[in-house]
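Residue indices begin at 1 and follow the sequence shown.
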Amino acid sequence: MRKSIRSIVFLAVAVALLAAAVYAELRREQASSQAPLTKLDPATVQRLEVRCQTCRTRRFARGADGWRMLEPYALPADADAVAHLLAITRIPVRQRLQLHEYDLAKLGLSPPQFTLTFDDVVVTIGGEDSIEHDRYVRVGEELMRVADRFSARLLEAPERELAADPNSATKQ
């Protein structure tokens, strides 16, 4: 075999191996991707309610002119603030647990620290895992652990979730 043909064959084999490695990595990433907390599409949610033990209840509704806070103020809501709350529906689940194997009171779920209602889907949020700082979350009869990157938003004052210009509603 000539040197040039040997080099071409060697390069073709190397490219094929690299392509196979890329394909295998993509398949591994797809297999390990975590399912979201709910099957809800945030773009279709029309009503949102946030209740917690240490803060005021906030209720929002989507209208033709955007999101409005209904409680504690009847004013236009900040679309970005509502979008951050809606993003909770899609956070990835780190671990699914067997509900009957746990004492919900010890997990902070009875009573829950936070209760979110997205249309008719109720998400209760409990305490924090002391090692990995995940939150225990219950949706229906499912118990899960999720990364806690949202609880600070749940504790915000309602005034921070209002539109900057109360005379104009914000779209989202």
(request) Identify whether V93 and V121 are in the same connected component of the hydrophobic contact network (ILVMFWY, side-chain heavy atoms under 4.5 Å). (result) yes

(request) Would you mind checking if E49 and R51 are paired as a salt bridge, meaning a charged N to carboxylate O distance below 4.0 Å? (result) yes

(message) Closer than 3.5 angstrom, by distance alone: can the side chain of R56 be matched with the main-chain N or O of P72 as a donor-acceptor pair?
(response) no

(request) Enter the distance from R149:CZ to H133:NE2 here, rounded to the nearest 0.5 Å. (result) 11.5 Å

(request) Kindly say whether T44 contributes a backbone atom to a donor-acceptor pair with the side chain of Q46 at under 3.5 angstrom? (result) yes

(request) Apply side-chain contact (heavy atoms from CB on, under 4.5 Å) to the pair L86 and W67, showing each step before the final yes or no. (result) CA-CA 12 Å; L86 290 172; W67 282 96; 3.8 Å; yes

(request) Determine, for R58 against E156, whether the closest basic-nitrogen to carboxylate-oxygen distance falls under 4.0 angstrom. (result) no

(message) Distance alone, cut at 3.5 Å: any donor-acceptor contact between the side chains of D148 and S151?
(response) yes

(message) Tell me which pairs pass salt bridge (Lys or Arg N to Asp or Glu O under 4.0 Å) where either residue lies in residues 102-118, with sequence neighbours left out.
(response) none

(message) Tell me whether Q95 contacts the main-chain N or O of M144 through its side chain, where contact means a donor paired with an acceptor under 3.5 Å.
(response) no

(message) Whether R160 and D78 form a salt bridge (side-chain N of Lys/Arg under 4.0 Å from carboxylate O of Asp/Glu) is what I want to check.
(response) no

(message) Distance check, rounded to the nearest 0.5 Å: L162 atom CG versus Y73 atom OH?
(response) 7.0 Å

(message) For the backbone of G140 and the side chain of R138, can you confirm whether one donor and one acceptor N or O come within less than 3.5 Å of each other?
(response) yes

(request) Would you check, one step at a time, whether the test side-chain contact (heavy atoms from CB on, under 4.5 Å) holds for V146 with D134? (result) CA-CA 5 Å; V146 298; D134 290 344; over 6 Å; no

(message) As an exercise, state the distance from CD1 of I91 to CZ of R135, rounded to the nearest 0.5 Å.
(response) 10.5 Å

(request) Take V139 and L37 through the side-chain contact (heavy atoms from CB on, under 4.5 Å) test and state the conclusion after the steps. (result) CA-CA 8 Å; V139 179; L37 184 63; 4.0 Å; yes

(request) Please say which of V122, L154, V137 ends up in a side chain to side chain contact (heavy atoms under 4.5 Å, CB included) with L116. (result) L154

(request) Quick one: name the residues clustered hydrophobically with L109, using the 4.5 Å side-chain heavy-atom rule over I, L, V, M, F, W, Y, and just say none if it's on its own. (result) L97, L99, Y102, L104, L107, Y136, L143

(request) Please report the closest heavy-atom contact between R62 and A43, naming both atoms and the distance. (result) NH2-O, 3.4 Å

(request) Please report the closest heavy-atom contact between R96 and A35, naming both atoms and the distance. (result) NH2-CB, 3.6 Å

(message) Is any side-chain heavy atom of E161 closer than 4.5 Å to one of L85?
(response) yes

(message) Contact between L155 and F114 at the side-chain level, heavy atoms closer than 4.5 Å - yes or no?
(response) yes

(request) Give the C-alpha distance, both sets of side-chain angles, the deciding distance and a yes or no for side-chain contact (heavy atoms from CB on, under 4.5 Å) between H84 and F150. (result) CA-CA 8 Å; H84 286 294; F150 56 86; over 6 Å; no

(message) Nearest 0.5 Å, please: how far is OG1 in T38 from CD in E142?
(response) 10.0 Å

(message) Within the structure provided, determine whether D129 and E132 are in side-chain contact (heavy-atom separation under 4.5 Å).
(response) yes

(message) Between L75 and F60, is there shared hydrophobic-cluster membership here, with clusters defined by ILVMFWY side-chain heavy atoms closer than 4.5 Å?
(response) yes

(message) For a quick test of reading the model, state the closest non-hydrogen atom pair linking P112 to Q53 and the distance between them.
(response) O-NE2, 3.0 Å

(request) Flag the pair D120 / R47 as yes when at least one side-chain heavy-atom distance between them is below 4.5 Å, and no otherwise. (result) yes

